[in-house]
> 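I have a structure here, written as structure tokens, and I will follow up with some questions on it.
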Amino acid sequence: MIAAATQALVTQPVQIFLIVLAIILFAPLLLNKLKIPHIIGMIGAGVVVGPYGFNVLDNDSSFAIFGQVGLLYLMFLAGLEIDMYHLKLNLRRGLLFGVLTLTIPLILGVLTSVYLLHVDWTTAFLLGAMYASHTLLSYPVAARFGITKAPAVLIAIVGTIIAVIGALLVLAATVNVHEEGHFNPTAILLLMLRLALWVVVLLYAYPRIVRFFFKKYSDKVLQYVFVLTLVFLAACSAQFIGLEPVLGAFFAGLLLNRYVPISSPLMNSIEFVGNALFIPYFLISVGMMINVRVLGNVQTVTVAAIMLAVALGSKWLPAYIAQKINRLDGYSRNVMFGLTAAHTAVALAVVTVGYRMNMFDERILNSTIVVILITCALAPIITSAAAPKLKVKMMEEDGDIIRHTRINNTLIAVANPLTTPPLVEMAMLMRNDRGQHNFYAIHVRNENSKQAKNTSRSSLEAARRTGATADINILTLERFDLNTVTGILNTIEEREITEVILGIHRRVTIIDSFFGHKVEQLLRSTNRMVMITRCFIPVNTITRVVVWVPRDAQYETGFSRWVRALARLTRQVGCRITFCCPGDVQPLIRGVLYAENYGIRCEFNTIDSQDDIVLMANKIADDDLFVVIGARVQSVSYRPEMAELPGFLQKYFATNNIMMIYPEQFGEAPALTSFTDPMSSDIQSAPSPLLRNIKQRLRRLMGS
């Protein structure tokens, strides 16, 4: 690499940062009009302002630090945004692709280096490791087009893990042979043992640490700093055992994936900071390392042409073979090729080691820089060309084009600023991301006192702020009405609300009912779906959703709506869901889940009696969310025993996270008016065990 002859024109920190921000701001604006991926603009800008361009900025320690942080951030985001369910479904295909994208470039790289570049076998294997490795440089393109759950992307990610680990093992073995004069399998075996121990330690420690911290501290800034600390701890520990830090950052993303839902405020903060600052810094730093002046040397151009042909051909061939074996389309092949074509991080590490150990001359070093330059430019272009077509194909196969016409309007009834954020987060995690979903937060006050007005405005501001942190617009509604329920009902009709979510009220007296008279009145007065929830822990730390479903629930009008809502919640949180329901309900739940293609881990337990809900009390852990599907009086699935549900929940599930869902009833027909209070029972009016036993014996006698 040719050193810069003169000092950079700009050396002041404030001016340097201003130039970087200007590049980050104007590169996408300019290149979007030219239909060019802005990643290329960042790299190209780095070349122009760098020491091998107009020498405006020096590639100093600040770019080295921020560039490394950006690379780790990029790999962390790749692991964090992976859909773990679909990753497991594509794991076998990804492993096959990983073996192909490791061995084919390695073999072709070694043979061409020996017979065309005329280097020794040790150097050839070092170059083979450079060909085999790649960086997910164009992953932001896939994320921007919304294809991160596509099989091609998941296969490429698994292949990246295999290829990078394999390339690093080859690098370690080659360096060992060069230093000792012979191959020492003990050193490689020790590296693999350290890798296995590192994986086991992180697998055991990280989930426990994260759950403890998230339960104890709810401040989003602390949570963000805590997550980054874990990422760089994993990166440093990976470097300590002899691996690249990028592997540690990626593995940390996989481990934290479960605890950072896609629609959460924390995820929004992580993506915002990374895409706005750290990742662009990395791309600019890559451009600053590229020396375009080497293209003036004919010998270098010849070597670079050979190396570039090997680099691109050896990555296209595995994508082609994987496409044929897995019966994918051409767009998927091009996406896999685009994601695995760029050579940056590990390639730079390989050539740096080789140059430092006098295994490479300047001819190969400069040719490697050319390979990095061209592959970094081509990878985003290839991915950008194939990603939109693959997205359209995915939408057609999943039926997303039809489902986008579905509109959800969720009304969140907030009472005070302290309980508002968890309630809003729960609602956002059930957001329908395949169609239009509008959120409204309402606070109905019954008096015009200053305290009442402050409480109302503080609650609504908390709701609006919580939605804004996740980039979701929540329309706040402040109403004055002599009756809280009337205010909510009027809003339901005015805004065409499809579901209402509210928290369980705090009991004031011992004779107060479990849900409160306002909720009971609301249930009697509307046929919309009503969700009543109470969580003692953050929603993203829930490990399982357990759903109790009554008999004949499949005949209710809102059956598919609540199934979809719980499926979206489960998918966002990344946990599994267990449906405890009669056998004839299970096929219809499966039908809704498979038709919508949610891709969640679901289990089914067969229950035949409401009495089983008491037996479930010992099986619901503190980290579970227990969901009970209720029914209004005179509905199809209503049973007289359901009047006892509030008493059961109060007695047996007082310390559990619970949600009570009353499905939508009777379509657009007006709500039924009944003098019977479906939720009037409380812990004092619930039937005694003796009376319950007498009723059960009478049923058995009548049945016989």
Side-chain angles (χ1 to χ4, degrees), residues 1 96-135 159 162-185 188 290-291 294-322 324 337 340-379:
M1 214 178 297
L96 173 62
F97 178 68
V99 173
L100 292 174
T101 198
L102 169 66
T103 56
I104 292 178
L106 182 63
I107 294 172
L108 289 179
V110 170
L111 295 178
T112 55
S113 298
V114 171
Y115 295 107
L116 295 181
L117 301 182
H118 307 293
V119 299
D120 59 82
W121 285 94
T122 304
T123 305
F125 271 97
L126 198 60
L127 284 174
M130 186 272 294
Y131 291 125
S133 65
H134 59 261
T135 302
I162 303 299
V164 171
I165 293 178
L168 292 175
L169 291 175
V170 172
L171 173 62
T174 304
V175 172
N176 181 262
V177 170
H178 180 77
E179 291 179 345
E180 300 188 10
H182 64 280
F183 178 67
N184 184 6
I188 305 301
I290 296 174
N291 183 8
V294 301
L295 296 176
N297 189 308
V298 177
Q299 187 179 16
T300 300
V301 171
T302 303
V303 175
I306 296 174
M307 294 180 65
L308 181 62
V310 175
L312 293 176
S314 63
K315 288 298 180 182
W316 181 87
L317 192 58
Y320 176 79
I321 296 174
K324 295 301 182 182
F337 175 51
T340 58
H343 295 72
T344 53
V346 181
L348 286 173
V350 169
V351 297
T352 301
V353 170
Y355 188 71
R356 188 175 63 246
M357 300 178 66
N358 295 321
M359 299 175 68
F360 292 159
D361 54 18
E362 284 196 1
R363 176 193 58 164
I364 294 180
L365 178 64
N366 291 331
S367 299
T368 303
I369 298 301
V370 174
V371 171
I372 292 174
L373 168 65
I374 297 179
T375 56
C376 288
L378 285 178

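Since we're looking at a predicted model, the values are computed, not measured.
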> What is the minimum heavy-atom distance between Val119 and Ala124, and which atoms define it?
CG2-N, 4.0 Å
> By side chain to side chain contact (heavy atoms under 4.5 Å, CB included), which residues pair with Ala319, not counting sequence neighbours?
Phe97, Arg333, Met336, Phe337
> Give me the atom names and distance for the closest heavy-atom approach of Cys376 to Ala342.
CA-CB, 4.4 Å
> Who pairs with Ile374 by side chain to side chain contact (heavy atoms under 4.5 Å, CB included), at least two apart in sequence or on another chain?
Leu308, Val370, Leu378
> Kindly list each side-chain donor-acceptor pair under 3.5 angstrom involving residues 99-110, sequence neighbours excluded, with atom names and distances?
residue: Thr101; atom: OG1; partner: Lys315; partner atom: NZ; Å: 3.0
residue: Thr103; atom: OG1; partner: Val99; partner atom: O; Å: 2.7

> Is there a side-chain contact between His134 and Thr375 in this structure, where contact means two heavy atoms from C-beta onward sitting under 4.5 Å apart?
no
> I'd like to check the side chain to side chain donor-acceptor pair (under 3.5 Å) partners of Thr340; sequence neighbours left out, ordered by chain and number.
none
> Identify the heavy atoms of Ser367 and Ala304 that sit nearest to each other, and give their distance.
OG-N, 3.4 Å
> The criterion is side chain to side chain donor-acceptor pair (under 3.5 Å); which residues satisfy it with Thr123, sequence neighbours excluded?
Asp120
> Mind checking the CE-OH spacing from Met307 to Tyr131? Nearest 0.5 Å is all I need.
4.0 Å
> Can you find a pair of side-chain heavy atoms, one from Val170 and one from Thr174, that are under 4.5 Å apart?
yes
> Evaluate the ring planes of Trp316 and Tyr320, with Trp represented by its six-membered ring, and classify them as parallel (under 30°), tilted (30 to 60°) or perpendicular (over 60°).
parallel
